[in-house]
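Chain A is the first sequence line, chain B the second, and so forth, proteins listed ahead of strands; every chain is numbered from 1.
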Amino acid sequence: MVDRDARDAVRAPASLYWVWALLTALTLLSWMVGVGEGGVLDLRVATAVVLGVAFLKVDLVGRHFMELRTAPRLLRILLDAWVIGVFVILMGIYLS
Amino acid sequence: MNSSALESISRRKGRSAQLHVPGEAATWVFIFGDLIVFAVFFIKYFVDRQREASLFAESQSSLSLSFGAVNTVLLLTGSLFVALGVHATRSGYYRRASVLFAVAMACAAIFLIDKVIEYTHKISAGIYPSTNDFYNFYFMFTGFHAVHVIIGLAFVGRMRQMVTRAGDKKVDLRFIETGASFWHLVDLLWIILFPVLYIIH
Amino acid sequence: MSYSPANTGMHIACLRIGGQLSPLLLTIALLLCARLIPAPDPTDTAQQIADRFADNATGIRIGMTLIMLGTSAWVLWGATVAAWARHIEVGSPILSYSLIASVAISEVIVIMIAAVWALAAFRPGEVSPDITLTLNDAGWLLFLIPWAPFSMWCISVGLLILQDKSSNPVMPRWMAGASFCFAFILIPAFAPLMFKSGAFAYDAVLGMYIPLVAFEGWKTAVTVTMIRGLKKNRESSAGDELDGALAQSEPGLNPAASPDLRVGS
């Protein structure tokens, strides 16, 4: 089958676990802001934070789970464009 | 443009790394198409929300943030296990991959059960998709997303079946990666849906 | 072996007529003549709807006539895609047969929509406004709630593209991803039956405009990629034919394999 050295070379990177932990922590953070434990943040700032964090999480999922770091740059650029574009548009509507 | 045109050799940090398209070009056309459609969904939601901000805020307060957050963590965990499963498959650890995919499937199943519980709560409280504009968005968006979860579950199920039955033969890595990418898309969409529907007011 | 039928010119013509000319005609008919887009509000009263049909009765009648005419080209388009399917399909041509059925189903649906709206514009104001209201609703619902056969059409084409093992596939593999995506985007078209207001009603972005644009977008994508693919194959097989002819003119040398230009029976 596959030899030992080749196996080790393709072992799952530890970064996957760290990214998962970070994503979970960010989810908890958003939840806390949502239930009002975020302190006396101005509502619009809180929204920007929660929404911004969400799009940041999307980017992390894309880069690490979807393996875009080792993919042709075009895919990363397209995802980043979506992330930034949609965030800007939504915040623009929210603040109008 | 096809996958081999996209792929090329590059030098990163002194090591040469081959660029790789997870799945194939068709996979990513689907993913970006779905992302664009959901972007339109989100924009429409925000536009309508501006007109009826207080109604939306009031209705939103009846949603359970805990359910939403738990569901987010479930899909994130599913993504972790799917990604681990893909790596295991590439390395030839098919039995391990099978278990990893099974855990991801369990996460999806629990997500769907949660959804059913949430919907049942709402409906027994007399809240339907036609009750008002907010609940319309809530049921329709989460429902459409749930369809994605079901398809993602089916994909991972098929992936698990493939690695379980592979024996000594090589599995179709392209299909495995396509299924994994679709799963991550499902996760990704919920990551935005949760704050948009449950938190932001 | 690549797909390059002897009547490629006819293929391209059918794709253009059914996939480019016909949608243009339908757009002019619906948008400019009938002016039924932007769509009426499902919560309008019967009198309001009847007035809309009465005010533009002639325009609607002309528009529906054009739609009936323009839709007739769909069979040419569908048949061209089905012919490709039959050539590349592995095993018994199940999906190819389903493509033939799909174009028939979709054409009939569109004809029914046009017929219903034409009926509404035949005697607006003379009959009870409730009748006009119902016919208007019928048109919109017939437009949207039978989304599934259209999705099936997209999925079948997608599956066929993935099956295509020919050397120069007419449609690139990424079109399969696009086809599946379009099939998915049509799903919300079930919603206008459930809601008369909101984002998923028949006058709303998510309930009507997205499915409409998505389906036309898919047809256009198939048309453009297939024409491009057919043209490319025609050039390269003409080149092969030339090579074959040259080789054959050299005595004693094996002629280069000339491509089989007879599309299989």
Over all atoms of both residues, closest heavy-atom pair of [X] and [Y]:
X: B/Trp28; Y: A/Met66; value: CH2-CE, 3.9 Å
X: A/Tyr94; Y: B/Ile200; value: CE1-CG2, 3.9 Å
X: B/Gln50; Y: A/Ser96; value: NE2-O, 2.9 Å
X: A/Pro72; Y: B/His20; value: CD-O, 3.8 Å
X: A/Ala71; Y: B/Leu19; value: O-CD2, 3.7 Å
X: B/Ile199; Y: A/Ser30; value: CD1-O, 3.5 Å

Study note, to complete from the structure: If one checks every heavy atom of A/Leu23 against chain B at 4.5 Å, the contacting part turns out to be both
Check your understanding: Using non-hydrogen atoms only, which part of A/Ile89 is less than 4.5 Å away from chain B: side chain, backbone, both, or neither?
Key -> side chain
**Study point:** Spacing of B/Thr72 atom OG1 and A/Leu26 atom CG [to the nearest 0.5 Å]
**Key:** 11.5 Å
**Study point:** chain A contact residues among residues 56-71 of chain B, heavy-atom distance under 4.5 Å
**Key:** B/Leu65, B/Ser66, B/Ala69
Study note, to complete from the structure: Listed by number, the residues in residues 139-147 of chain B that come under 4.5 Å of chain A (heavy atom to heavy atom) are none
Point to revise | Most chain B-contacting option - heavy-atom pairs closer than 4.5 Å, from A/Leu16, A/Val86, A/Thr24 | key: A/Leu16
[X] portion near chain A, given a 4.5 angstrom heavy-atom threshold:
X: B/Ile31; result: side chain
X: B/Phe32; result: side chain
X: B/Val82; result: neither

Practice item. Using the side-chain contact (heavy atoms from CB on, under 4.5 Å) rule, take B/Leu188 and A/Lys57 through it: C-alpha gap first, then chi angles, then the decisive distance, then the call. Key: CA-CA 8 Å; B/Leu188 202 150; A/Lys57 285 157 81 179; over 6 Å; no
